[in-house]
J.: 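I am attaching a structure below and will ask some questions about it afterwards.
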Number of protein chains: 2
Amino acid sequence: MGSIDSAMGATMLKAAEDILRDEGYAALTSRRVSEYAGVKQRLVYYYFATMDDLIIESFRRLAVRELERLRTSISSNHPLHDIWDMCMNTADSRLVAEFMALANRNEGLRQEVIKFIEESRDIQISAIKKALASGGSKDLKPVAIAFLGSSVALALNREAALGVTMGHQTVKRLIKQFCDGLEG
Amino acid sequence: MGSIDSAMGATMLKAAEDILRDEGYAALTSRRVSEYAGVKQRLVYYYFATMDDLIIESFRRLAVRELERLRTSISSNHPLHDIWDMCMNTADSRLVAEFMALANRNEGLRQEVIKFIEESRDIQISAIKKALASGGSKDLKPVAIAFLGSSVALALNREAALGVTMGHQTVKRLIKQFCDGLEG
DNA sequence: GTCTATACACCGATAGAC
DNA sequence: GTCTATCGGTGTATAGAC
């Protein structure tokens, strides 16, 4: 078995992500990955025991990258604006859609997705708490701000990818006003 | 070619929806549909020219049903509460995830999904306008309320299906307070 | 580490009998 | 309206040579 951290292992994980985003999970096959990587199909099974392993490792790679981006993008001056920008410029919504669909049926992936959601929400909550001098009002707690922000950003990205823009400008203005109101 | 409105056509559309929700779009094959319907594979192609047609008709059926539910669930007394309840009790989030993923790559389905999103948003906006005596403030327009509501409800359902509940109670309370504040 | 070759199952779609 | 039968293609996964 080859290592995931080897050049070829990384190439295959990159290929898997590209295929998922551009062609969907039904096209994520060992043959398709091997084409992308310019090798023969058999080699995929040298680096990944099963296709399930490849999918899970692929998500793990994405999650690590996104959590890293989230942590470093939060400045101490405008954490709310930073979180919002980060949510709006996150992983491609088509790729997210594939992982979401897969996670409903793949137990291993589901666990990874749960960990990712909870960890990123924790990071966002910490940043929001710092932004709010009072630590959040009785009506608007940090966890609610984090949830609303990421939900709305995801929906905006998803619809934009489909070609729907109805109300998007209004919503973006509203969010910006909200952030401005809390941290100028 | 058989009609979609025939008993067998409806049975196959129902089968397609069940398979999508329970096994994902990779399992939505003519053979699988025929098993569900208790007939032979060949018959699927008597009712649907291609599997793409079956998928699109399947979504259309769902869209018609949901739009109908949305229209009839809105009372004149508590439209905001009604919309929220409807969004929280909409189609299974696993089924939605499959259609969302498919729509990014299937042009015909994409058009149907766009129509559905815009039509349901229109219905929601009309109801919200009636609820707001002023027709919406400068900062909180009906379209923004509609967008935020459906985004957040979808996210709550999606995460609940995965097994994540972090912040859900807080968010639900917040939404309820908001609706109560506007329509008691 | 990468390859050839293969087993076996399933796919969409079609021809044509009843 | 439903069936049997079949085509060519693709899927996961493995055996084993180099």
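A note on names: the letters A, B, ... follow the listed sequences, proteins ahead of strands, and every chain is numbered from 1. All figures in this text were calculated on a predicted structure; none of them were measured in a lab.
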J.: Which part of the nucleic acid does A/Phe48 contact within heavy-atom distance under 4.0 Å: base, sugar-phosphate only, or nothing?
T.: nothing
J.: Can you give the donor-acceptor pairs under 3.5 Å from side chains of residues 140-152 of chain A to other protein atoms, not counting sequence neighbours?
T.:
{"from": "A/Ser150", "atom 1": "OG", "to": "A/Ala146", "atom 2": "O", "distance (Å)": "2.9"}
{"from": "A/Ser150", "atom 1": "OG", "to": "A/Phe147", "atom 2": "O", "distance (Å)": "3.3"}
{"from": "A/Ser151", "atom 1": "OG", "to": "A/Phe147", "atom 2": "O", "distance (Å)": "2.7"}

J.: Using residues 56-69 of chain A as the side-chain source, report each donor-acceptor pair under 3.5 Å to any protein atom, sequence neighbours left out, with the distance given to one decimal.
T.:
{"from": "A/Glu57", "atom 1": "OE2", "to": "A/Arg60", "atom 2": "NH2", "distance (Å)": "3.0"}
{"from": "A/Arg60", "atom 1": "NH1", "to": "A/Glu112", "atom 2": "OE2", "distance (Å)": "2.7"}
{"from": "A/Arg61", "atom 1": "NH1", "to": "A/Glu17", "atom 2": "OE1", "distance (Å)": "2.9"}
{"from": "A/Arg65", "atom 1": "NH1", "to": "A/Glu17", "atom 2": "OE2", "distance (Å)": "3.4"}
{"from": "A/Arg65", "atom 1": "NH2", "to": "A/Glu17", "atom 2": "OE1", "distance (Å)": "2.8"}
{"from": "A/Arg65", "atom 1": "NH2", "to": "A/Glu17", "atom 2": "OE2", "distance (Å)": "3.0"}
{"from": "A/Glu66", "atom 1": "OE1", "to": "A/Thr90", "atom 2": "OG1", "distance (Å)": "2.8"}
{"from": "A/Arg69", "atom 1": "NH2", "to": "A/Asn89", "atom 2": "O", "distance (Å)": "2.4"}

J.: The criterion is salt bridge (charged side-chain N to carboxylate O under 4.0 Å, His left out); which residues satisfy it with B/Lys14, sequence neighbours excluded?
T.: B/Asp18
J.: Is it the case that the side chain of A/Thr165 and the backbone of A/His168 share a donor-acceptor pair, with hydrogens and angles ignored and the cut-off at 3.5 Å?
T.: no
J.: Suppose we screen for salt bridge (charged side-chain N to carboxylate O under 4.0 Å, His left out). Which residues come up paired with A/Lys176, at least two apart in sequence or across chains?
T.: A/Asp180
J.: Restricting to salt bridge (charged side-chain N to carboxylate O under 4.0 Å, His left out), what partner residues turn up for A/Glu23, sequence neighbours left out?
T.: A/Arg32
J.: On DNA chain D, reading 5' to 3', which nucleotide is the first and which the last to sit with an atom under 4.0 Å from a heavy atom of chain B, could you check?
T.: D/dG1 to D/dT4
J.: Kindly give the atom pairs (protein nitrogen or oxygen, nucleotide nitrogen or oxygen) under 3.5 Å for nucleotides 10-13 of chain C.
T.:
{"from": "C/dC11", "atom 1": "OP1", "to": "B/Thr29", "atom 2": "OG1", "distance (Å)": "2.8"}
{"from": "C/dG12", "atom 1": "OP2", "to": "B/Ser30", "atom 2": "N", "distance (Å)": "3.0"}
{"from": "C/dG12", "atom 1": "OP2", "to": "B/Ser30", "atom 2": "OG", "distance (Å)": "2.8"}
{"from": "C/dG12", "atom 1": "N7", "to": "B/Arg31", "atom 2": "NH1", "distance (Å)": "2.9"}
{"from": "C/dG12", "atom 1": "O6", "to": "B/Arg31", "atom 2": "NH2", "distance (Å)": "3.2"}
{"from": "C/dA13", "atom 1": "OP2", "to": "B/Tyr45", "atom 2": "OH", "distance (Å)": "3.3"}
{"from": "C/dA13", "atom 1": "OP2", "to": "B/Met51", "atom 2": "N", "distance (Å)": "3.3"}
{"from": "C/dA13", "atom 1": "N7", "to": "B/Gln41", "atom 2": "NE2", "distance (Å)": "3.2"}
{"from": "C/dA13", "atom 1": "N6", "to": "B/Gln41", "atom 2": "OE1", "distance (Å)": "2.9"}

J.: Who pairs with B/Arg158 by salt bridge (charged side-chain N to carboxylate O under 4.0 Å, His left out), at least two apart in sequence or on another chain?
T.: none
J.: Checking B/Val39 now: which residues fulfil side chain to side chain contact (heavy atoms under 4.5 Å, CB included) with it, not counting sequence neighbours?
T.: B/Met8, B/Met12, B/Ser34, B/Ala37, B/Leu43
